[in-house]
2 protein chains.
Amino acid sequence: MNGAESLIRALVRSGVDTCFTNPGTSEIHIVAALDRVTEVRCVLSLFEGVVTGAADGYARMTEKPACTLLHLGPGFGNGLANLHNASRAQVPIVNVIGQHATYHLPHDTPLTSDIEAIAQPYSKWMRTSRSSAEVGHDAAEAVAAARTAPGQIATLIVPADVAWSEGGSVTALPGVLPTAPTSAAETIKHAATMLRSRERTAILMTGNALYGKGLATAGRIAVATGAKLFAPYPVTRLERGKHLPAVDRIAYVLEQGIEQLKEFRQLILVGARPPMAYFAYPGKDSAFTSPECAIFTLANPGENYVDTLEALEAELLPQRTRGVRDQVVTPKSVAENTERLALPEGGITLSGLAAVVGALLPENTIVVDESMTSGRGMMAATTESRAHDWLGNTGGSIGIAMPMAVGAAVACPDRPVLCLTADGSGMYTLQALWTMAREGLNVTTVVFANRDYAVLKREFSYLGVGNPGTRALGMFEIGHPDLDWVQLAKGMGVPGTRVTSLAEFAKALRNGFESEGPTLIEVPL
Amino acid sequence: MNGAESLIRALVRSGVDTCFTNPGTSEIHIVAALDRVTEVRCVLSLFEGVVTGAADGYARMTEKPACTLLHLGPGFGNGLANLHNASRAQVPIVNVIGQHATYHLPHDTPLTSDIEAIAQPYSKWMRTSRSSAEVGHDAAEAVAAARTAPGQIATLIVPADVAWSEGGSVTALPGVLPTAPTSAAETIKHAATMLRSRERTAILMTGNALYGKGLATAGRIAVATGAKLFAPYPVTRLERGKHLPAVDRIAYVLEQGIEQLKEFRQLILVGARPPMAYFAYPGKDSAFTSPECAIFTLANPGENYVDTLEALEAELLPQRTRGVRDQVVTPKSVAENTERLALPEGGITLSGLAAVVGALLPENTIVVDESMTSGRGMMAATTESRAHDWLGNTGGSIGIAMPMAVGAAVACPDRPVLCLTADGSGMYTLQALWTMAREGLNVTTVVFANRDYAVLKREFSYLGVGNPGTRALGMFEIGHPDLDWVQLAKGMGVPGTRVTSLAEFAKALRNGFESEGPTLIEVPL
């Protein structure tokens with residue numbers, strides 16, 4: 001067995017069954033190994049930003065890593081922006097990057113680069129394999145590193161001669177990964193004391209506190225104590241819907257976030273950081289909370305959010321037994337929401353679009369949201385919708401929605417995926433549409449086409465620079481020429497339609513949810 | 001004057017008049033400064049790989065740096081692959097990257113990254129500006145660093161508060177940059193001795209030895225000594241045409257390169273490295289030259305290739321005077337090639353396509369070539385064409401052709417640009433088409449659509465891995481669905497056409513050259 005095959009077999013033994021890839025010559029032996037080892041599903045993308053964004057979406061939905069297979073330093077570079085987002089999502093990803101044969105490197109040929117230096121800023125774990133005998137073990141260690149709570153990016157660099165040489169051996173992860181620890185008993189007691197006080201208290205959560213058992217537990221705590229649950233604006237995954245605990249997402253805009261939080265005198269953090277503006281603005285504080293608000297960290301990243309919430313609940317409500325609790329409010333037990341929300345009609349408005357989405361969202365949809373300024377009403381309009389998961393852009397580097405939709409759809413083939421993107425953000429990684437078509441993924445992409453980097457126009461005035469002149473507008477307005485997303489989608493094999501009324505939008509959205517495979521809806525604004 | 005304005009004014013004073021950009025919130029004050037300082041032409045792209053590839057193409061044609069304006073670490077990341085190519089092209093580029101306000105950085109908000117770590121691998125010069133008083137000076141230094149021979153990448157990171165604070169002051173480059181030194185007299189004498197010997201001698205050149213005065217001088221040396229001129233496969237810029245000195249480009253394929261060079265017993269390098277295979281292959285040597293071939297470096301990067309070649313000529317041919325020499329064979333003096341090459345007809349073949357290009361190429365065309373396996377006959381077919389410049393992919397990271405065509409067209413608005421790309425390579429940075437449409441650039445893009453990463457299929461068998469199976473082919477074949485480049489182009493405002501015969505190709509190519517603004521021709525293979 002050569003090194004490449006031991007690498008792939010070790011990944012399989014460690015639980016990796018999906019590879020998002022855009023390979024090159026230096027990865028040929030790894031491709032050949034994937035040709036033979038059929039346990040791994042290989043998903044090709046035509047640009048590496050799609051590869052890494054898909055790995056992020058896959059990890060958010062499965063809680064386990066996919067591997068990426070990337071071509072040398074520049075291939076990693078093309079995937080860097082969405083790895084930035086993934087690092088902020090705190091999800092597990094295993095990057096496998098091919099490298100030149102060790103003896104070829106000194107020739108400094110055109111594609112030679114310092115891969116370790118390029119990969120370092122976004123690799124919590126990184127190693128260059130030294131031999132075919134070690135690469136299988138390295139792969140298992142990479143998976144273990146990626147799965148270290150709360151989830152992180154591990155990068156394994158594989159020189160071509162390590163891949164092609166014989167002598168590979170397969171190791172695997174230890175059967176059970178070490179469990180992330182629960183927060184200290186004193187910390188939990190302190191949070192309980194805060195929640196028992198009369199002060200208005202908010203709980204800001206992230207990671208797996210926002211879905212499944214974690215969310216159900218938090219919901220019961222909120223009901224019992226009157227605390228309010230929040231998710232950060234850069235949200236990794238939030239389970240929502242009419243019968244699920246209500247969680248408000250903190251706004252992107254500083255003033256709106258301050259307004260949301262102003263009533264609270266206590267803020268308890270579960271894996272989250274104190275909410276801050278994305279950017280600094282001259283003369284403004286970046287904090288969303290007032291100085292009078294006491295901020296307390298119940299659980300840090302790396303600690304077990306779910307166990308900690310359960311321990312907190314037990315501290316608060318010691319009389320209830322765990323078994324009964326689980327039966328009462330876990331999401332699986334909620335009845336399907338068959339009641340229909342009102343379906344608005346008339347001309348296109350942002351609130352109307354949001355209401356249509358809210359009314360039509362099928363049970364179990366995964367919503368991928370990078371709709372930017374156009375979609376800021378989407379969360380409010382879907383509070384009463386059927387149960388769904390909401391995935392946001394966690395790192396602020398735009399161009400993740402369509403790639404992440406690819407990954408979520410590969411992870412959950414039985415669930416519909418609704419991808420909300422803007423025209424500006426969509427253009428960074430539009431190549432994702434081709435992968436949707438090739439893989440027949442059940443993704444409905446809605447492009448809010450306002451022909452603007454609208455967020456930048458807003459920021460321009462918000463920063464007090466005055467009104468943008470012609471030349472600045474030339475850097476914010478992306479019409480002239482307008483992008484035709486229906487043509488772009490068709491060019492990559494995705495059927496698309498343009499809608500000019502809410503009724504047309506509703507029809508196209510229904511069609512997207514009901515049809516097999518991907519569709520795209522362009523909404524000119 | 002705030003820091004941002006002093007930054008832009010210092011760039012202008014240092015000779016920078018073009019900014020390729022995709023800005024974000026952290027660059028708003030710099031955008032506002034560009035709004036006011038009208039000496040800089042701002043060219044927006046919808047993806048940063050277009051920005052950096054355009055800056056490369058611009059630098060190749062003007063020999064001076066454009067600046068890029070990029071958004072934080074991820075924005076640089078998106079531009080990294082084409083900066084890899086630019087670093088190998090040894091061209092001057094000044095990257096300006098916005099950073100969070102200094103006091104905002106400790107909050108570690110979603111878009112925070114270690115920009116210096118991300119930019120370091122591709123920045124020969126890098127600095128984070130410390131104050132509005134210094135940023136103007138920093139900008140002038142960045143330009144000077146970028147213009148250090150043979151040309152390099154300089155990166156200036158500008159925190160938002162440095163940009164928006166008052167107190168900026170404008171400095172400029174010293175009027176004259178230090179000239180790159182001529183090679184040592186002894187080195188030149190040694191090269192002359194080699195050329196006077198009876199051994200078959202090749203001269204492999206790069207940089208400005210391959211066009212203008214450098215190429216003319218090298219051509220006279222070749223005529224006088226019987227030496228043969230070569231350019232590396234990863235060629236930055238090569239001036240060619242019927243009446244210009246013949247320069248052979250070394251082949252990409254190892255065996256072909258070995259065949260080209262096997263007759264030579266001496267190889268003289270002007271800025272170039274000894275030719276090597278891009279990748280290692282098990283059991284094969286990577287060198288294109290035999291061990292019997294003596295390799296001698298006449299000029300290293302950083303030395304003055306043109307002056308060195310002139311000194312070599314003077315050493316070889318001391319009787320001729322410089323003035324007479326310049327009059328006789330500089331490219332400007334050659335008569336226009338009005339003689340027409342034969343125009344083939346019939347079905348699409350690679351050699352037929354190449355012959356059509358060879359026959360129709362207008363005088364002064366800039367050819368940007370990333371046609372991969374499909375275009376390997378293009379060089380031979382254009383040897384007798386009208387005078388043109390040929391720009392190749394210097395770093396091997398595919399996805400530069402259309403961005404580089406943008407930069408070349410911005411640099412030379414009066415010259416036609418022919419962009420030869422493949423479908424696989426084109427998809428990495430197809431967003432360039434939008435910038436071509438917006439700026440009305442005179443670029444004719446030809447997409448060789450073989451529905452394959454054909455180079456990888458070939459490498460698979462070349463590496464001795466056997467025949468690729470279904471799963472490997474799934475990573476090499478990019479049909480299913482086929483990309484429709486006519487739709488993709490139209491979606492970004494570029495008129496496109498698909499051709500199915502050489503006559504249709506010739507008609508579309510003529511139309512592309514004759515029409516204002518961009519066009520695209522898809523050639524299914």
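Each chain gets a letter, A, B and so on, in the order the sequences are listed, and its residues count up from 1.
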>> Less than 4.5 Å to any heavy atom of chain B: does that hold for the side chain of A:P121, its backbone, both, or neither?
In response: side chain
>> Please classify the contact between A:P282 and chain B as side chain, backbone, both or neither, with a heavy-atom cut-off of under 4.5 Å.
In response: both
> Of the backbone (N, CA, C, O) and the side chain (C-beta and beyond), which part of B:A117 lies under 4.5 Å from a heavy atom of chain A, both, or neither?
Replying inline: both
> Which pairs pass salt bridge (charged side-chain N to carboxylate O under 4.0 Å, His left out) with one or both residues in residues 484-493 of chain B, sequence neighbours excluded?
Replying inline: B:D484-B:R498
> With only heavy atoms counted, which part of B:T112 is less than 4.5 Å from chain A, the side chain, the backbone, both or neither?
Replying inline: both
>> Treating B:R471 as the side-chain partner and A:A33 as the backbone partner, does any N or O pair qualify as donor plus acceptor under 3.5 Å?
In response: no
> Where does A:T394 contact chain B at under 4.5 Å (heavy atoms): side chain, backbone, both or neither?
Replying inline: backbone
> So what's closer than 4.5 Å to chain A heavy atoms on B:Y233: side chain, backbone, both or neither?
Replying inline: neither
>> When you measure from the side chain of A:R273 to the backbone of B:T109, do you find a donor-acceptor pair of N or O atoms at a distance under 3.5 Å?
In response: no
>> Between A:R88 and chain B, with a heavy-atom cut-off of 4.5 Å, which part of the residue counts as in contact: side chain, backbone, both or neither?
In response: side chain
> Checking A:I398 against chain B: side chain, backbone, both or neither under 4.5 Å from a heavy atom?
Replying inline: neither
>> Using heavy-atom distances under 4.5 Å, tell me whether A:Y453 contacts chain B through its side chain, its backbone, both, or neither.
In response: side chain
> Can the ring centroids of B:F279 and A:H104 be said to lie less than 6.0 angstrom from one another?
Replying inline: no
> B:D35 side chain to A:A472 main-chain N or O, any donor-acceptor pair under 3.5 Å?
Replying inline: yes
> Can you check whether B:Y462 reaches A:T25 side chain to side chain, under 4.5 Å on heavy atoms?
Replying inline: no
> Do the non-hydrogen side-chain atoms of B:L34 and A:M475 ever get within less than 4.5 Å of each other?
Replying inline: yes
> Who wins among B:H71, B:E48, B:M276, B:H84 for the most heavy-atom pairs under 4.5 Å with chain A?
Replying inline: B:H84
> Passes side chain to side chain contact (heavy atoms under 4.5 Å, CB included), B:F47 versus A:F47? Steps please.
Replying inline: CA-CA 12 Å; B:F47 176 69; A:F47 175 69; 3.4 Å; yes
> How many angstroms lie between OG in A:S26 and CG in B:L463, if you round to the nearest 0.5 Å?
Replying inline: 10.0 Å
Please tabulate, for side-chain N and O atoms in residues 427-436 of chain B, each donor-acceptor pair with protein atoms closer than 3.5 Å (sequence neighbours left out).
{"residue": "B:Y428", "atom": "OH", "partner": "A:N22", "partner atom": "OD1", "Å": "2.6"}
{"residue": "B:Y428", "atom": "OH", "partner": "A:N22", "partner atom": "ND2", "Å": "3.3"}
{"residue": "B:T429", "atom": "OG1", "partner": "B:G399", "partner atom": "O", "Å": "2.8"}
{"residue": "B:Q431", "atom": "NE2", "partner": "A:M427", "partner atom": "O", "Å": "2.8"}
{"residue": "B:Q431", "atom": "NE2", "partner": "A:Y428", "partner atom": "O", "Å": "3.2"}
{"residue": "B:W434", "atom": "NE1", "partner": "A:P481", "partner atom": "O", "Å": "2.9"}
{"residue": "B:T435", "atom": "OG1", "partner": "B:L44", "partner atom": "O", "Å": "3.0"}
{"residue": "B:T435", "atom": "OG1", "partner": "B:S45", "partner atom": "OG", "Å": "3.1"}

>> At a 4.5 Å cut-off on heavy atoms, which part of B:L72 comes close to chain A: side chain, backbone, both, or neither?
In response: side chain
> What is the distance from atom CD1 of B:I118 to atom CG of A:L80, rounded to the nearest 0.5 Å?
Replying inline: 5.5 Å
> What part of A:T470 is in contact with chain B, defined as an atom under 4.5 angstrom from a non-hydrogen atom: side chain, backbone, both or neither?
Replying inline: backbone
> At a heavy-atom separation under 4.5 Å, does A:H107 approach chain B through its side chain, its backbone, both, or neither?
Replying inline: both
>> If I measure from the heavy atoms of chain A, does B:Y122 come under 4.5 Å with its side chain, its backbone, both, or neither?
In response: side chain
> Looking at NE2 of A:H480 and CD of B:E439, how far apart are the two atoms once the value is rounded to the nearest 0.5 Å?
Replying inline: 12.5 Å
